[in-house]
Amino acid sequence: MQEANNATSATPVPGWYGADPFATDLKPNPHGYYRELRERQPVNLTPMGEWRLSRYADIQRLLKHSDVGVRDTSGIIPGETAEDSAGSKFILRLDPPDHDRIRNLVNKAFTPRALDAIRPAIEPLVRGEMERIAGQGEMDVVADLALVVPAASMCAMLGVPFEDRHYLSELVSLVTYRLAISAYPHLREKSEAAIMELAGYLVTLLEERRRNPGDDILSQLVTAEEHGDKLDNDELLQQSIGLLVAGLETTIGLIANGMVCFSRYPEQFERLAANPALAATAVEECLRFEPSVPVTRRILWRDTPFGDYTIPANAVVYAILIGANRDPDMFTNPDTFDIARNEAKHCSFGGGIHFCLGSHLARMNAQIAFTEMASRFTDFVADESRREWAPSLFRIPGSIPATFRLRH
Ligand code: HEM
């Protein structure tokens with residue numbers, strides 16, 4: 001570690017510094033590993049030649065105030081071919097000016113009116129599910145809650161009947177697993193078939209919405225226009241698929257991981273039940289404490305100093321969002337779960353021009369889920385020993401058995 005105190009041209013000693021994704025299952029309890037990384041080498045060079053930042057301040061600077069993109073300086077997405085990169089149009093995979101043009105148009109679809117219409121559509125459905133399980137005293141946190149809310153809002157977003165939600169959420173989950181296919185090769189075939197099927201489903205729907213637009217987000221996307229500019233068919237299809245993929249699993253993770261927090265800290269669950277006005281800060285604390293998306297990444301476009309080192313242009317830099325969320329320089333007692341915490345913003349939605357476009361929708365979904373649960377049930381216990389993880393790149397539970405009692 002002697003290099004750590006030298007000039008900025010020095011290179012750190014490569015290593016995993018406690019957070020080795022190949023040796024450790026970083027999903028169940030990652031915080032100790034990332035604390036070690038942040039303390040031992042906050043500007044980390046991995047043995048694979050990629051960089052990792054785990055301090056809050058460095059991550060904010062990377063995402064908001066550095067010359068970076070999601071592609072390298074020749075416009076290629078690292079790890080992909082030039083041809084695949086050229087065909088890739090989802091905003092999270094684009095740099096300006098293409099990114100900004102498409103994001104502006106997509107933003108037009110996420111109108112307050114379109115979002116407001118979703119809440120009353122999904123609340124009764126969630127209540128129905130809660131009433132269904134109320135008498136049982138046990139549930140699966142994912143199947144009975146965490147999946148129900150985003151699956152329903154996905155249908156509302158597309159303007160399709162709620163009956164389609166099981167079919168659609170299975171399809172979207174399979175498509176999402178493609179992101180982690182090297183870790184789950186047995187899913188490759190199913191997942192390839194799912195992307196074709198989802199594309200076919202959405203092409204038909206987009207044609208329908210073009211002929212007969214409604215109030216839903218998909219219709220807004222089809223009609224979105226700025227200065228005569230609109231999304232072309234390919235751009236539309238890629239945003240539609242991307243939005244479903246970006247929104248379903250991540251929200252399942254927020255709700256399921258959040259309910260695990262409420263099980264570990266029952267006094268916080270009771271606090272929410274007694275004061276439902278805490279729902280908004282409770283969601284932020286769940287996002288900070290157990291984020292479903294632990295990292296995001298950027299490619300530097302010029303040599304940039306971070307800490308004691310200069311990271312070279314075209315280096316792949318991972319922002320360890322989950323580590324930044326527990327940086328003691330930013331959060332008092334970062335390992336304490338406090339649903340009324342009112343401090344710095346967590347990093348779980350990323351930052352800069354790619355800041356999560358669905359953050360309002362995700363927050364609304366989680367508020368509905370937590371409020372419904374806390375108002376009805378008490379003594380909620382999630383059995384973490386029987387938690388299964390979905391075959392996802394992210395921290396998304398596939399199943400968590402839990403028990404509860406009726407509150408009244
Ligand atoms: C708890 C749920 C969610 C989490 C934790 C989450 C997290 C993230 C993160 C970390 C990024 C990358 C930001 C960056 O690299 O700076 C992102 C981008 C994005 N998210 Fe989310 N997300 C969630 C829900 C949603 C939902 C519900 C939608 C839409 C339906 C959505 C749509 C997007 C889009 C479109 C982007 C790309 C934005 C851009 O590149 O400009 N997300 N999200």
Side-chain angles (χ1 to χ4, degrees), residues 53 59-66 68-71 77 88-107 109-110 114-115 118 122 146 149-158 168-169 172 176 179 216-218 220-221 235 238-258 283-299 316-322 324-325 345-370 392-396:
L53 301 176
I59 286 176
Q60 292 295 317
R61 194 155 70 80
L62 174 79
L63 298 177
K64 294 184 183 165
H65 309 293
S66 301
V68 289
V70 291
R71 297 170 174 235
I77 302 171
S88 205
K89 305 270 175 64
F90 179 50
I91 44 179
L92 192 47
R93 298 159 62 77
L94 289 176
D95 290 322
D98 301 339
H99 168 271
D100 301 3
R101 183 194 141 244
I102 296 187
R103 177 151 176 150
N104 273 339
L105 289 166
V106 177
N107 242 334
F110 277 75
L115 287 177
I118 291 184
I122 60 173
V149 189
S153 68
M154 183 165 69
C155 292
M157 220 164 93
L158 299 178
L168 257 178
S169 54
V172 174
T176 312
L179 300 173
D216 53 87
I217 288 183
L218 195 71
Q220 310 298 319
L221 209 59
E235 288 167 350
Q238 292 205 33
Q239 306 322 304
S240 311
I241 294 174
L243 285 169
L244 299 183
V245 167
L248 179 68
E249 293 279 314
T250 49
T251 310
I252 295 174
L254 164 58
I255 296 173
N257 296 340
V283 169
E284 297 313 299
E285 184 66 343
C286 292
L287 281 159
R288 181 189 76 84
F289 206 72
E290 291 294 355
S292 51
V293 183
V295 302
T296 190
R297 81 173 187 187
R298 294 290 187 274
I299 321 306
V316 174
V317 186
Y318 286 93
I320 310 288
L321 309 172
I322 193 170
N325 283 350
K345 279 258 155 258
H346 58 74
C347 296
S348 299
F349 287 130
I353 65 166
H354 293 282
F355 182 84
C356 178
L357 188 138
S359 60
H360 295 304
L361 182 58
R363 287 175 165 129
M364 184 182 82
N365 278 337
Q367 283 183 27
I368 294 173
F370 296 155
S392 169
L393 191 60
F394 307 131
R395 297 178 69 231
I396 317 297

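One-based numbering, in listed order, for ligands and for the atoms of each.
Here the heavy atom of the protein found nearest to atom 29 (C) of ligand 1 is Gly358 CA, 3.8 Å. Among protein heavy atoms, atom 30 (C) of ligand 1 sits closest to Leu243 O, 3.7 Å. The protein non-hydrogen atom at the shortest distance from atom 26 (C) of ligand 1 is Gly247 CA, 3.4 Å. Nearest protein neighbour of atom 15 (O) of ligand 1, counting heavy atoms only, is Thr296 OG1, 2.6 Å. Protein heavy atom at the shortest distance from atom 21 (Fe) of ligand 1 is Cys356 SG, 2.3 Å. Looking only at protein heavy atoms, the nearest one to atom 37 (C) of ligand 1 is Leu92 CB, 3.8 Å.
Residue contacts with ligand 1 include Arg298, since one or more of its heavy atoms lies under 4.0 Å from the ligand. Under the 4.0 angstrom criterion for non-hydrogen atoms, Ser292 is in contact with ligand 1. Distances shorter than 4.0 angstrom occur between a heavy atom of His99 and an atom of ligand 1.
Taking each heavy atom of Cys347 and Asn325 in turn, the nearest pair found is N-OD1, 2.7 Å. Annotation for Pro291 and Ser348: closest pair CB-OG, 3.4 Å, computed over non-hydrogen atoms. For the residue pair Ala156 and Ile118, the shortest heavy atom distance occurs at CB-CG1, 4.0 Å. Of all heavy-atom pairs between Ile320 and Val295, the closest is CD1-CG1, 3.7 Å. A pairwise comparison of heavy atoms in Glu235 and Lys89 identifies CG-CD, 4.3 Å as the closest pair. Closest approach of Leu63 and Gly350 over heavy atoms only: CD1-C, 3.8 Å.
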Could you walk me through whether Val149 and Ile252 pass side chain to side chain contact (heavy atoms under 4.5 Å, CB included), step by step?
CA-CA 8 Å; Val149 189; Ile252 295 174; over 6 Å; no
Could you check Leu158 against Asp216 for side chain to side chain contact (heavy atoms under 4.5 Å, CB included), going step by step and ending with a plain yes or no?
CA-CA 6 Å; Leu158 299 178; Asp216 53 87; 5.9 Å; no
Evaluate Val245 against Glu249 for side chain to side chain contact (heavy atoms under 4.5 Å, CB included), listing each step before the verdict.
CA-CA 7 Å; Val245 167; Glu249 293 279 314; over 6 Å; no
Under the side chain to side chain contact (heavy atoms under 4.5 Å, CB included) rule, what do Leu357 and Asn107 come out as? Steps first, then yes or no, please.
CA-CA 8 Å; Leu357 188 138; Asn107 242 334; 4.2 Å; yes
Residues Asn257, Ser292; criterion side-chain hydrogen bond (donor to acceptor under 3.5 Å, both in side chains); working and verdict:
CA-CA 7 Å; Asn257 296 340; Ser292 51; 5.3 Å; no
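Each of the atoms 1 (C), 2 (C), 24 (C) of ligand 1 lies under 4.0 Å from some heavy atom of Ala362. In the vicinity of Gly350, heavy-atom distances shorter than 4.0 Å reach the ligand 1 atoms 10 (C), 13 (C), 14 (C), 16 (O). Each of the atoms 5 (C), 7 (C), 10 (C) of ligand 1 lies under 4.0 Å from some heavy atom of Ser348. Counting atoms of ligand 1 from 1 in the listed order, those under 4.0 Å from a heavy atom of Thr250 are 1 (C), 2 (C), 3 (C), 4 (C), 23 (C), 24 (C). Proximity to Leu254 (heavy-atom distance under 4.0 Å) selects the following atoms of ligand 1: 1 (C). Every atom of ligand 1 is numbered from 1 in the order shown, and the set under 4.0 Å from a heavy atom of Ile353 is 41 (O). Annotation for ligand 1: atoms under 4.0 Å from non-hydrogen atoms of Arg103 are 38 (C), 39 (C), 41 (O).
Neither the backbone nor the side chain of Phe394 has any atom closer than 4.0 Å to an atom of ligand 1 (non-hydrogen atoms only). Neither the backbone nor the side chain of Pro150 has a heavy atom within less than 4.0 Å of ligand 1. The parts of Leu357 lying near ligand 1 are both backbone and side chain, judged by heavy-atom distances below 4.0 Å. Proximity of His354 to ligand 1, defined as any heavy-atom pair under 4.0 Å, is shared by backbone and side chain alike. Of all the heavy atoms of Val106, none lies under 4.0 Å from any atom of ligand 1, so neither backbone nor side chain is involved.
The backbone N or O of Phe394 sits less than 3.5 Å from a side-chain atom of Ser392, completing a donor-acceptor pair.
Closest to atom 6 (C) of ligand 1 by heavy atom, among Phe90, Phe355, Phe349, Phe110, is Phe349.
With hydrogens and angles left out, the side-chain atoms of Gln60 and His65 include no donor and acceptor closer than 3.5 Å.
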